[in-house]
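The next block holds one structure in the form of structure tokens; read it before the comments.
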Amino acid sequence: MYLTRVEQAMLDGEEGATLQKAIEILVALGDIYGADRLIPVKSAQIAGVSYKTIGDAGLEWISDLHGKVRIPSILNPAGMDLQDWEKMCIDPEFAHKQQLIIEAYEKLGINAQCTCTPYYLEGFNATYGDHLAWSESSAVSYANSVIGARTNREGGPSALSAALVGKTANYGYHLDEMRNPTVSVTVECELNGSDYGALGYIVGKMVGSKVPLFILKGKPDNEELKSLGAAMAASGAVALYHVEGVTPEARNNKFAKPDENITIQEEQIREIYNITKPDINDLDIITIGCPHCSPAELSLIAGLLEGRTVNKEVWICTSREIANKHPELVRSIEKSGAKVICDTCMVVSPATEKYKTMMVNSGKALAYVPGMCRVPTLFGDIYKCIKEAVRE
Ligand code: F3S
């Protein structure tokens, strides 16, 4: 792989051990995947933040790094609400370790907001054609597919390396030829809201890491696309998809029709809602906001909860910046007894593990919660989730 003189000096250790390690990681990935060079990236989003997932070994690794990131860089969700972890009944020892992880990242100049929807935040609103180094799989899918930016599905260490160097290796979804659809998916029914999460849950399992081109009956909005991409990235490993006539690259290009075609029928979508195990009578927590809620989603939830009281634990997950910008929505949701939770989520926090059964409206949460939190999970649309939340 071609390196400039400055990059070669970095690789030779002339700018210190941290940058040497960082560029070594980028060059190693570039060599494996056949990159020709390093390219500048506009921002980095770094996974490997929750103490639940990285533990003491991760904390030690980050604490040993020195220097400052060269591009705007932000974190993935942590294991708790960083300002109000007590409302989640987090163990103080866990909270202490989590704070040390955040401080170690902050020392490197990283924005310590922890969210899987960086694209809603000032300074991270990527635009068409931008090269990025993002690692959270739903954010990667949204950036590539809905925005038309370009990022591989980075691991935590490679995203952090890109943040420190300001560059990434030029391979995978940074290249035009890797962005063409490889399977078409025709959906034979109209879809609405969380149906897109159900669709993503089904299709991700079928296509793995291929690039689907959807032919849909309606026009999903950006929240529905967010939900579709997040689910496919979790049940499969889809990092880029297109929707005919909707997503930017499908509008800008005339794609050749992929050889493989899948058809999805309405019964397949309904089956996801009809999971009857676990028993709904065991339902004791409802979580919404996977990926983190947008202002429009918070507004919908606030409207549905207005004048009502929840009778179960209810988490509405969003980013700190969105919660701070919409205090009236947060107040209105919390008046019902539901909790607006920032910086974390139902999957990466250990706080959900004690519940018997969870209901979610997210295909991604449906894919992850049973395995990662060991909590049996039911799927419902947002109306069903709220109905169950307020049921006596
Ligand atoms: Fe975000 Fe957590 Fe879901 S990181 S995409 S809310 S699993």
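Sequential numbering from 1 along the given sequence is applied to the chain's residues. Start at 1 and go down the list; that is how both ligands and their atoms are numbered.
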* Which residues pass the side-chain hydrogen bond (donor to acceptor under 3.5 Å, both in side chains) test with K68, sequence neighbours left out? -> none
* **K354 and E313 ion-paired at < 4.0 Å** => no
Side-chain donor-acceptor contact under 3.5 Å, [X] with [Y]:
{"X": "R179", "Y": "N253", "value": "no"}
{"X": "H292", "Y": "S319", "value": "no"}
{"X": "Y241", "Y": "K210", "value": "no"}
{"X": "T115", "Y": "Q113", "value": "no"}

* To do: Could you tell me if any non-hydrogen atom of A139 lies under 4.0 Å from any atom of ligand 1?
  => no
* Structure fact -> If we number the atoms of ligand 1 from 1 as shown, the ones under 4.0 Å from a heavy atom of G289 are 6 (S)
* To do: Carefully, step by step, assess F214 and H242 under the rule ring-ring contact (aromatic ring centres under 6.0 Å, His included).
  => CA-CA 6 Å; F214 285 92; H242 306 286; 9.9 Å; no
* To do: Everything protein-side that's N, O or S and under 2.8 Å from atom 2 (Fe) of ligand 1: list it, residue and atom.
  =>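 Short answer, with waters excluded from the count: C345 SG.
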